[in-house]
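Only one structure is covered here, and it is reproduced in the block below.
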Amino acid sequence: MTIRAAIVTPWVEGGLAPGMPGSFKPMFHDDYTFIRWEDVTGQPIPNIMPDPNEYTLVAEMEQGVFDTLAADPDYEVLWSEEVEVPFAV
Amino acid sequence: LTIIVLTGAGKGTPQSYILYDQFTTADDAPITTPRSCEPGPGTLTVTQANNCFAISSGRLNVASGGGGFYGLIGAGVAREAGRMLMASLTKSSGNDLFPLAWANSNTISFPAFVNLDHGIYDGAAGLYTASSGPSYRVVGTNTVGTVGFAIILRASGCFVIDTTNQKLLWVDSAGNTATVYPAISQIGVAGYIDNFRIPIVKWTPTPVASDSFNRTNSASLGSTDGAGAEEVGGSGLAWTVVSGGMSISGNKVAQSAGVYSYATVNTGVASVVAQVVVNDSADTSAIQGLIMREASGTGWLCGVNPNADLNTIYEWAGGGSYTLRGSAAVTISGSQNYTITAILDGDVITSYVDGAALATYASAARNNTSTLHGIHGYNSTLTYDNFVVWNRTQTGVPNV
């Protein structure tokens with residue numbers, strides 16, 4: 001089962017590659033296996049990193065990954081739902 | 001001198017359609033099958049249960065059939081580039097509906113998108129297009145109100161256009177069944193479909209930029225040749241290698257060793273559907289594909305990260321500032337062709353790899369009026385082929 005969830009995650013440096021200043025990505029990107037994620041906050045780059053360092057993305061992942069994430073104190077899940085498989089008849 | 005006058009159904013008017021159903025005369029559920037289209041021409045075979053179809057108020061009234069595939073399907077049509085299947089959809093509830101499909105057999109059942117050459121589907125996660133394979137992807141949000149659609153055949157593949165909002169939703173190269181069948185299918189939705197038709201007139205969008213790179217090896221990229229897609233157009237635009245080194249080699253674009261490179265053309269349009277085929281034998285690069293809306297060394301990078309098996313959207317703020325705005329998992333192997341598709345519509349950017357692995361970002365305000373689009377990457381083992389850009393806005397669909 002695939003879960004879609006809104007997740008609060010910190011930014012970390014190194015958007016394209018480690019050690020590149022001024023490049024950012026969500027910590028979630030490195031910590032968890034995902035199907036996809038999307039930055040839904042849209043903070044302008046000059047405002048990154050914000051204080052507190054947190055923003056929201058919407059991600060899709062397998063149920064087991066989500067269960068681990070939901071129990072991780074470094075993350076906050078705002079909402080979650082099952083992703084319907086289209087025309088699974 | 002012989003003058004041949006073609007007329008329709010004895011009415012003395014030019015015949016304009018291969019199939020046309022306005023669903024004019026009321027018909028209670030279950031509707032008559034086979035159904036003679038009104039005003040015609042054409043006949044539709046109806047598969048139905050649970051009173052899922054009725055004709056009232058001059059349109060096909062679709063009610064939830066529940067538990068199976070039901071629909072209407074017409075006679076086979078020879079595949080020709082530019083052949084258009086059109087209809088309007090008004091969805092009132094539910095999420096499972098193929099208001100428009102080219103089936104690849106005389107079959108009205110599309111479980112998991114099989115039996116399709118091309119279709120659109122209003123589903124729980126949004127508006128999908130589906131293609132032979134089968135494969136499918138979200139290309140927009142669910143329909144609201146009455147929306148017209150056209151699925152326009154290519155020799156291989158199709159264009160999907162929202163004719164109400166005049167937007168090119170998807171460009172596909174998959175699916176080339178010689179005989180395809182016009183169909184409406186539903187499984188659990190309520191709504192209305194009207195003006196189901198195949199006009200005689202044929203039409204396809206013309207690229208605003210297109211390059212096959214099929215030319216003599218050269219240290220310069222030269223100009224677009226207008227031959228990167230089936231449809232001729234988009235020639236004569238000069239490539240600018242803005243950074244690094246790129247050359248024509250073996251009818252493709254090759255990169256200089258070990259230096260990040262990118263090149264752009266001025267397409268004249270900011271909101272576009274763009275595609276390029278990339279192939280990298282090394283399978284180690286962090287980024288390669290399309291650079292969109294470039295301006296003074298900033299822009300948007302859409303494409304694959306073979307090293308991490310990802311499709312990514314980076315916001316490039318200049319220099320070494322690359323911020324990841326969206327990503328999707330996709331398996332990338334060395335020496336394989338991958339078609340990168342980027343769709344830019346206002347501040348919304350979506351990126352696909354081979355029509356899947358959707359990555360998206362909806363706050364892409366940077367350079368949102370820039371019309372410079374092109375190709376970018378790092379590895380010297382990387383090649384690019386068949387770069388094509390279409391205008392996202394398509395106003396030329398014939399009003400038929």
Side-chain angles (χ1 to χ4, degrees), chain A residues 1-7 9-50 53 55-62 65-66 80-89, chain B residues 67-69 95-98 109-114 119 121-126 128 130 134 136 138 185 187-188 260 286-287 298 301 305 307-308 310-330 347 350 357-366 378:
Chain A
M1 180 186 302
T2 299
I3 302 295
R4 180 185 296 114
I7 300 161
T9 179
W11 290 100
V12 295
E13 280 204 299
L16 181 59
M20 297 186 74
S23 296
F24 307 97
K25 60 185 172 181
M27 189 167 75
F28 167 82
H29 181 83
D30 289 338
D31 283 358
Y32 287 96
T33 300
F34 54 85
I35 297 170
R36 65 177 54 88
W37 63 262
E38 172 192 358
D39 172 359
V40 296
T41 306
Q43 291 160 337
I45 290 175
N47 297 344
I48 302 173
M49 298 180 173
N53 179 14
Y55 79 113
T56 304
L57 55 79
V58 171
E60 294 179 14
M61 69 207 86
E62 297 302 327
V65 176
F66 174 75
S80 64
E81 61 185 8
E82 180 183 349
V83 177
E84 180 179 315
V85 177
F87 261 173
V89 175
Chain B
F69 280 85
N95 282 311
D96 291 322
L97 174 69
F98 276 103
S109 180
F110 307 128
F113 300 99
V114 301
Y121 167 68
D122 214 348
Y128 295 77
Y136 58 91
V138 172
S185 175
I187 181 169
Y260 177 71
I287 193 167
T298 68
L301 310 180
N305 175 341
N307 194 36
L310 295 173
N311 178 28
T312 52
I313 297 175
Y314 282 98
E315 180 178 359
W316 184 26
S321 177
Y322 301 85
T323 291
L324 194 51
R325 293 298 194 176
S327 186
V330 59
D347 289 354
T350 51
L358 166 67
T360 189
Y361 181 54
S363 300
R366 178 182 298 277
Y378 187 85

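Quick caveat, the model's predicted, so the values are computed rather than measured. We name chains A, B, ... by the order of the sequence lines, and we start the count at 1 in each one.
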* If every non-hydrogen atom of B:Thr323 is compared with every non-hydrogen atom of A:Trp11, which pair is closest and at what distance? -> CG2-CZ3, 3.8 Å
* Structure fact -> From the list A:Leu57, A:Thr41, A:Ile35, the residue making the most non-hydrogen contacts under 4.5 Å with chain B is A:Ile35
* If you look at every heavy atom in A:Lys25 and B:Leu324, which pair is closest and at what distance? -> CB-CB, 4.0 Å
* Under a 4.5 Å heavy-atom cut-off, does chain B meet the side chain of A:Pro46, its backbone, both or neither? -> neither
* **Closest contact, heavy atoms only, A:Asp39 versus B:Arg325** => OD2-NH1, 2.6 Å
* Asked: Out of B:Ala359, B:Ala308, B:Gly326, which one racks up the most heavy-atom pairs below 4.5 Å with chain A?
  -> B:Gly326
* Structure fact -> OH (B:Tyr361) and CH2 (A:Trp37) are apart, to the nearest 0.5 Å, by 9.5 Å
* Structure fact -> Across all chains, not counting sequence neighbours, the side chain to side chain donor-acceptor pair (under 3.5 Å) partners of B:Ser109 are none
* Where do A:His29 and B:Ser327 come nearest, in terms of heavy atoms and distance? -> CE1-OG, 3.7 Å
* Do A:Phe34 and B:Leu310 pass the side chain to side chain contact (heavy atoms under 4.5 Å, CB included) test, and can you show the C-alpha distance, the side-chain angles, and the key distance before you say yes or no? -> CA-CA 10 Å; A:Phe34 54 85; B:Leu310 295 173; 3.7 Å; yes
* Toward chain B, the part of A:Ile45 with a non-hydrogen atom under 4.5 Å -> both
* Quick one: list whatever passes side chain to side chain donor-acceptor pair (under 3.5 Å) with A:Asn53, sequence neighbours left out. => none
* To do: Tell me, yes or no, whether the heavy-atom count around A:Tyr55 atom OH, taken from other residues, nucleotides or ligands under 6.0 Å, exceeds 12.
  => yes
* Asked: Do you know which two heavy atoms are closest between B:Gly320 and A:Ser23, and how far apart they sit?
  -> O-OG, 2.6 Å
